[in-house]
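A quick write-up on the structure given underneath.
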Amino acid sequence: MLEDSREQSGHPRGERDGDRGPSRPAIADSWLARSAPEVAPELVGCVLVRRVGETVLRGTIVETEAYTADDPACHAYRRQTKRNAAMFGAPGLVYVYQIYGIHRCVNIVTLREGVADAVLIRALQLEACPPDEVATTQRQLDRLAAGPGKLCRVFGIDLPLCGTRLDPAGELWLEARSPEFSDGLDRGELQLVQTARIGITRGVEIPWRWYLKDCPAVSKKG
DNA sequence: TGAAGGATTTGT
DNA sequence: CAAATCCTTCAC
């Protein structure tokens, strides 16, 4: 079991006390062996964990989108290429791509090897400000990972991670929803909203975007 | 071999 | 609403 990184002394601001709880169980590849539209809403509430050296960053997923092999918006819709090859891999692989020459976006590959299904992680709710970031207000912290490009920048997710496997012993992995999050959904205190996907030109009508209602860390408008 | 354009973000 | 910015993808 992975221990949280020890608290670094000397961070005068931005650190909060919410990062000491026990880690949730890591999500198994078998759990991801379902179609992307099935997995995507269930990934909301799960935690994306990133380790870079001694630093461990955690963020609750609050917005996702699903892409499938027969979906015209999918990068792998036409055929397998060098860029999208990871999407054809086994569930539990990571697919990272560069967009507009500037940003990176990260996907979780689902379903099964040979079929290009993946879930785009679009926004994270951070519990604490990463050491290299600046967030003096709660609002700034909320917006730090509010978007697929922003969360990759904050988590240091780049192209070398493309094709690697989610692994609690590695640099990137997923943890299951907390009981509190699941209870919140059960009680209706937390609600998932399903809408059309954002920023695409094909498959525009397909409603495969999910986000946490009223969450301040969701990209654009909730 | 070349050009178009993209699962975005930011500022005007 | 347009720029930034780069490399994959697809057409010639």
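Each chain gets a letter, A, B and so on, in the order the sequences are listed, and its residues count up from 1. What you see is a predicted model, and the numbers here were worked out from it, not measured in a lab.
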Between B/dT8 atom C1' and A/Asp158 atom CG, what is the distance in whole Å? 15 Å
Return the value, rounded to whole Å, for the distance between atom CD1 of A/Ile99 and atom C1' of C/dA3. 15 Å
Given A/Cys215, A/Pro148, A/Ser219, the one that forms side chain to side chain contact (heavy atoms under 4.5 Å, CB included) with A/Glu63: A/Ser219
Under 4.0 angstrom, heavy atoms only, what part of the nucleic acid is A/Arg83 near: base, sugar-phosphate, or nothing? sugar-phosphate
Return one dot-bracket line describing DNA chain C 5' to 3' (Watson-Crick or G-U wobble pairs, both distances under 3.5 Å; ( ) same strand, [ ] crossing, | another strand, . none). ||||.||||||.
Below 4.0 angstrom from OP1 or OP2 of B/dG6, is there any side-chain N or O of A/Arg202? no
Indicate, with a heavy-atom threshold strictly under 4.0 Å, whether A/Gln98 touches base, sugar-phosphate, or nothing. sugar-phosphate
N/O (side chain, A/Arg78) to phosphate O (OP1/OP2, C/dC10) under 4.0 Å: yes
May I have the distance from A/Asn84 (atom CG) to C/dC10 (atom C1'), rounded to whole angstrom? 14 Å
Can you tell me if the side-chain N/O atoms of A/His75 get under 4.0 Å from OP1 or OP2 in B/dA7? yes
Could you state the NE2-P distance from A/His103 to C/dC7, rounded to the nearest angstrom? 15 Å
Among the nucleotides B/dA7, C/dA4, B/dT9, whichever has the atom closest to the side chain of A/Ile102 is C/dA4
Between the SG atom in A/Cys162 and the CD1 atom in A/Ile157, the distance rounded to the nearest 0.5 Å is 11.5 Å
Can you spot which of A/Val47, A/Ile108, A/Leu43 makes a side chain to side chain contact (heavy atoms under 4.5 Å, CB included) with A/Ile27? A/Leu43
CG on A/Leu124 to CG on A/Leu151, rounded to 0.5 Å: 4.5 Å
From CE of A/Met87 over to P of B/dA7, roughly how many Å is that when rounded to an integer? 11 Å
Measure from the side-chain N and O atoms of A/Asn107 to the backbone N and O of A/Ala118, and report whether any donor-acceptor pair falls under 3.5 Å. no
Expressed in angstrom and rounded to an integer, what is the separation of A/Lys82 atom NZ from C/dC10 atom C1'? 16 Å
Flag for A/Asn84-A/Gln80: side-chain donor and acceptor within less than 3.5 Å: no
Base, sugar-phosphate, or nothing: which does A/Arg79 touch, judged by heavy atoms less than 4.0 Å apart? sugar-phosphate
With a 4.0 Å limit, can you tell me whether A/Lys220 has a side-chain N or O closer than that to the phosphate oxygens OP1/OP2 of B/dT8? no
In Å and rounded to the nearest 0.5 Å, what is the CZ to CZ distance from A/Phe155 to A/Arg51? 13.0 Å
Does atom CZ (A/Arg143) have a neighbourhood of more than 12 heavy atoms from anything else shown, all under 6.0 Å? yes
Is A/Tyr97 stacked on the base of B/dA7, with ring centres under 5.5 Å apart and planes under 30° apart? no
Rounded to whole Å, how long is the line connecting atom CZ of A/Arg104 with atom P of B/dT9? 13 Å
Between B/dG2 and C/dT5 - P atom distance, rounded Å: 23 Å
Interatomic distance, A/Tyr100 OH vs B/dG11 P [rounded to whole Å]: 18 Å
